[in-house]
Amino acid sequence: MKLAGNRIESFLKTPDAAARVVLVYGPDAGLVKERIARLTKGVCADTNDPFRIADLTATGVKDDPARLADEAAAIAMTGGRRVVRVHDAGDGVSQAVQSFLDHPAGDALVLLDAGELGPRSALRKLVEGADNAVALPCYADEGGSLEAVIHESLRVQGLTAEPDAVAWLADHLGGDRLLTRSELEKLALYMGGGGGRVRLEDVIACIGDTAALSLDDLSMACAEGDHPTAQRVLDRLYREGTSPIAVLRSLQRHFQRLHLASGAMGRGKSPDQALAVLRPPPHFRVAEHMRGQLIRWPAERLGTALDLLVNAEMDCKSTGMPAEEICSRTVMQLTRAAGRKGPAAQRR
Amino acid sequence: MKLTIERAALLKSLNHVQSVVERRNTIPILSNVKIEGANGRLSLNATDMDLDIVEAVPAEVAQPGATTAPAHTLYEIIRKLPEGSQVEIEQSGDDSQLVLRSGRSRFTLASLPVTDYPVMSGGELPYSFVLGADDLKGLIDKTRFAISSEETRYYLNGIYLHAASSDGVPVLRAVATDGHRLARVEVPLPEGAPGMPGVIVPRKTVAELRKLLDETSVDVTISLSETKIRFAFDDAVMTSKLIDGTFPDYERVIPADNDKVLEVDCKSLSQAVDRVSAISTEKSRAIKLSVDKGGLTLSASSPENGSAVEELEASYEAGPMEIGFNSRYLMDILAQIEGDAARFAMADAASPTVVREVTDSSAVYVLMPMRV
């Protein structure tokens with residue numbers, strides 16, 4: 001079965017004894033790691049106990065499917081329940097997991113950690129559909145959940161924070177749960193360990209920007225007219241060595257998808273139906289943003305945006321002018337254009 | 001440097017040292033073997049920075065000197081030369097090339113400066129003792145199967161060698177475990193070993209050492225500190241770093257009062273386990289042993305493949321019990337037992353089982369059952 005929201009936290013506090021396999025997956029690798037560690041600790045206090053914890057790789061399980069069942073059925077030399085962890089699990093281990101769930105010998109808890117698994121993933125479907133298995137998705141913290149993590153981490157350190165400090169933290173953290181925690185620990189160290197109230201200056205002085213900023217974030221910021229974020233993401237992408245052509249191509253892909261969906265809306269479909277036309281369908285979080293973008297961008301302006309992007313790519317390749325400058329200028333033009341709302345939005 | 005050596009002698013030594021060299025190396029010099037000719041001997045040295053081996057063989061040294069050459073290429077060349085041929089190795093003024101001649105063959109190999117070759121110093125090795133090659137082989141052979149291959153449990157990735165006391169008698173003990181089975185073998189404590197620290201000898205060192213021991217029966221001088229160990233015999237010296245970790249307190253998992261004793265012919269049991277487990281290997285290697293005064297019954301079942309049962313004669317006086325084992329682990333242990341009969345001391349289906357050879361108590365194996 002699949003758990004979401006508050007049910008995840010309750011499961012982590014008191015795991016269902018009937019669950020023999022727990023799949024912890026998602027884009028937030030730090031959160032995956034944290035939850036695996038919590039579940040492990042729930043069974044075996046010493047997470048390095050060689051007799052009660054077995055660490056297997058997905059390749060190992062795929063090559064030798066009996067290994068998973070054998071490890072789960074094994075009895076610990078020193079007594080106590082065992083934990084069998086399979087790292088980097090993917091669809092390759094589905095067969096072994098299926099076989100184990102059909103005949104779950106022993107009492108060990110099997111923990112599978114995985115990266116992002118799409119809804120069509122065989123492993124995800126298998127675990128979500130099984131009565132004796134649980135899937136825990138791990139998405140990056142944002143909004144209220146990120147603020148809750150910030151407040152909780154600071155409280156453990158005996159700290160409170162001013163609202164603008166929390167807002168700044170929420171803006172700059174959240175890409176990876178472990179990274180968020182380690183940044184907050186650093187902040188606590190900076191505060192001197194004697195408790196107290198964190199001010200905005202303290203936060204700015206010692207916190208790095210750890211949120212995962214990607215090409216997709218840039219597309220979202222551009223299409224929503226959020227120039228400061230777009231510029232911040234763009235700067236980071238350049239620092240990480242992403243080429244301006246890759247940036248422009250990514251923007252083209254996003255605007256093409258918007259154009260396609262906008263065309264569907266022109267044929268009388270609702271924004272939701274229009275987004276459902278896209279292949280692959282957008283992730284539900286992205287879809288939320290794209291609905292707003294479709295209202296902001298009528299079809300003809302999306303066409304102009306695509307022309308702008310194609311011309312920018314051509315300029316990068318043919319004029320000899322600095323490609324980064326061309327790309328930055330295009331991003332600025334797009335965010336400015338997004339600021340002018342489309343007729344549909346203006347009518348509302 | 002210029003020297004001539006018989007192909008067979010060079011091949012034998014090269015075979016010993018080249019396997020230390022990893023196939024893929026990020027540091028180029030580590031792909032090479034150091035060749036040094038002096039005083040009528042050719043010395044070959046290979047290292048991966050954790051393990052270092054030096055072996056010397058007699059050679060006609062016309063001009064002393066030293067160089068390095070790609071270990072695996074050199075080995076392949078020598079291996080392919082005709083038997084009984086003489087090999088001439090020469091390095092003239094240019095130290096970037098090594099010329100190798102044999103009969104009508106001539107090879108030019110790229111060499112790297114010998115001054116770049118890493119030197120692994122043994123440092124001070126305060127404990128030193130001598131052990132017969134057969135004793136050392138026994139310690140390795142009877143324990144290495146239980147070495148853990150799980151990289152995260154690095155402190156189980158080797159054989160734990162330490163001085164201990166067995167019924168008041170001082171012994172040198174080798175222990176290995178992977179959490180499912182444990183092997184403990186001992187020999188009388190040699191002179192010089194009392195007070196030695198417990199050390200964990202890495203798996204690769206164990207494998208390379210065992211290869212060298214195959215061809216010798218002389219005594220081996222073992223010197224060690226808390227961080228390094230050195231094995232010296234014949235014309236070979238192997239120095240290795242030790243695993244920096246704490247071996248778990250293994251004594252607490254060896255039960256002393258298991259009272260359900262089963263004695264069974266080792267070979268028959270091993271063959272029967274092999275046959276019966278054929279039914280279940282795809283999804284699980286579990287095998288069930290049902291013991292009663294009448295003997296022993298092995299069984300395995302698989303939802304897809306069906307089931308298998310085999311009966312064996314065995315000596316057993318306690319009450320009936322059923323216990324499951326991983327067939328592979330069981331066969332691994334049975335393969336270590338040299339005598340005819342194996343003794344299984346059990347408590348119940350969820351507690352460690354102690355396996356020994358009926359006539360020899362120097363080796364003890366602990367096998368964890370599994371739920372079937």
Side-chain angles (χ1 to χ4, degrees), chain A residues 20 33 36-37 40 43-44 46-88 93-111 113, chain B residues 146-157 176-182 245-255 277 279-288 300-305 323-330 347-354 366-372:
Chain A
R20 294 298 311 279
K33 215 169 168 182
I36 290 280
T40 306
V43 176
C44 175
D46 176 4
T47 51
N48 287 317
D49 188 329
F51 300 113
R52 292 179 60 191
I53 294 172
D55 283 300
L56 310 180
T57 60
T59 326
V61 172
K62 193 180 165 195
D63 294 345
D64 178 10
R67 183 91 197 273
L68 180 66
D70 288 347
E71 286 288 352
I75 299 168
M77 262 186 184
T78 47
R81 195 179 175 205
R82 297 181 81 243
V83 177
V84 180
R85 297 189 294 211
V86 181
H87 302 289
D88 295 325
V93 303
S94 313
Q95 205 186 339
V97 175
Q98 171 83 69
S99 164
F100 171 69
L101 288 173
D102 289 346
H103 306 281
D107 65 351
L109 177 65
V110 176
L111 300 176
D113 72 63
Chain B
I147 295 177
S148 171
S149 55
E150 230 174 83
E151 302 277 324
T152 48
R153 314 271 179 255
Y154 63 94
Y155 48 88
L156 297 182
N157 292 167
T177 181
D178 64 358
H180 297 295
R181 59 260 169 90
L182 179 145
T246 308
F247 201 80
D249 176 17
Y250 66 89
E251 296 274 16
R252 69 193 170 115
V253 301
I254 305 178
S277 64
I279 204 89
S280 64
T281 45
E282 271 177 32
K283 297 204 167 162
S284 164
R285 294 192 182 78
I287 186 167
K288 188 157 76 178
S301 66
S302 153
E304 287 84 19
N305 294 344
I323 188 165
F325 290 117
N326 182 315
S327 55
R328 185 190 279 176
Y329 298 158
L330 181 54
D348 55 56
S351 305
T353 291
V354 179
V366 178
L367 179 60
M368 278 313 295
M370 65 190 286
R371 294 195 170 85
V372 285

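Throughout, a chain's letter reflects where its sequence line sits, starting with A, and its residues are numbered from 1. Bear in mind the structure is a predicted one, so any value in this text is a computation, not a measurement.
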Chain B contact via Leu68(A) - side chain, backbone, both or neither, heavy atoms under 4.5 Å: neither

A quick test of your reading: do over 12 heavy atoms of other residues, nucleotides or ligands sit less than 6.0 Å from CD of Gln95(A)? no

With a 4.5 angstrom heavy-atom cut-off, is it the side chain or the backbone of Asp49(A) that approaches chain B, or both, or neither? backbone

Toward chain A, the part of Arg328(B) with a non-hydrogen atom under 4.5 Å: side chain

The interface call for Pro352(B) against chain A, heavy-atom contacts under 4.5 Å, is side chain

Identify, with sequence neighbours excluded, every residue that meets side-chain contact (heavy atoms from CB on, under 4.5 Å) alongside Ser301(B). Ser307(B)

Judged by atom type as modelled, is there a donor-acceptor pair below 3.5 Å linking the side chain of Arg82(A) to the main-chain atoms of Leu109(A)? no

Taking Asp178(B) for its side chain and Ile147(B) for its backbone only, find out whether a donor-acceptor pair lies under 3.5 Å. no

What part of Thr177(B) gets closer than 4.5 Å to chain A, counting heavy atoms only: side chain, backbone, both or neither? side chain

Is the side chain of Arg20(A) donor-acceptor paired with the backbone N or O of Phe100(A) at a distance under 3.5 Å, no angle test? no

For Asp63(A), is the CG atom crowded, meaning more than 12 foreign heavy atoms sit under 6.0 Å from it? yes

Region of Ala96(A) in contact with chain B, defined by heavy-atom distances below 4.5 Å: neither

Taking atom CD of Glu71(A) and atom CG of Leu56(A), what is their separation to the nearest 0.5 Å? 5.5 Å

Interchain contact, Tyr155(B) with chain A, by part (heavy-atom threshold 4.5 Å): side chain

So which residue, Ile75(A), Thr78(A), Ile53(A), ends up with the most heavy-atom pairs under 4.5 Å with chain B? Ile75(A)

Chain B interface, residue from Ala72(A), Gly79(A), Gly106(A) that has the most non-hydrogen pairs under 4.5 Å: Gly106(A)

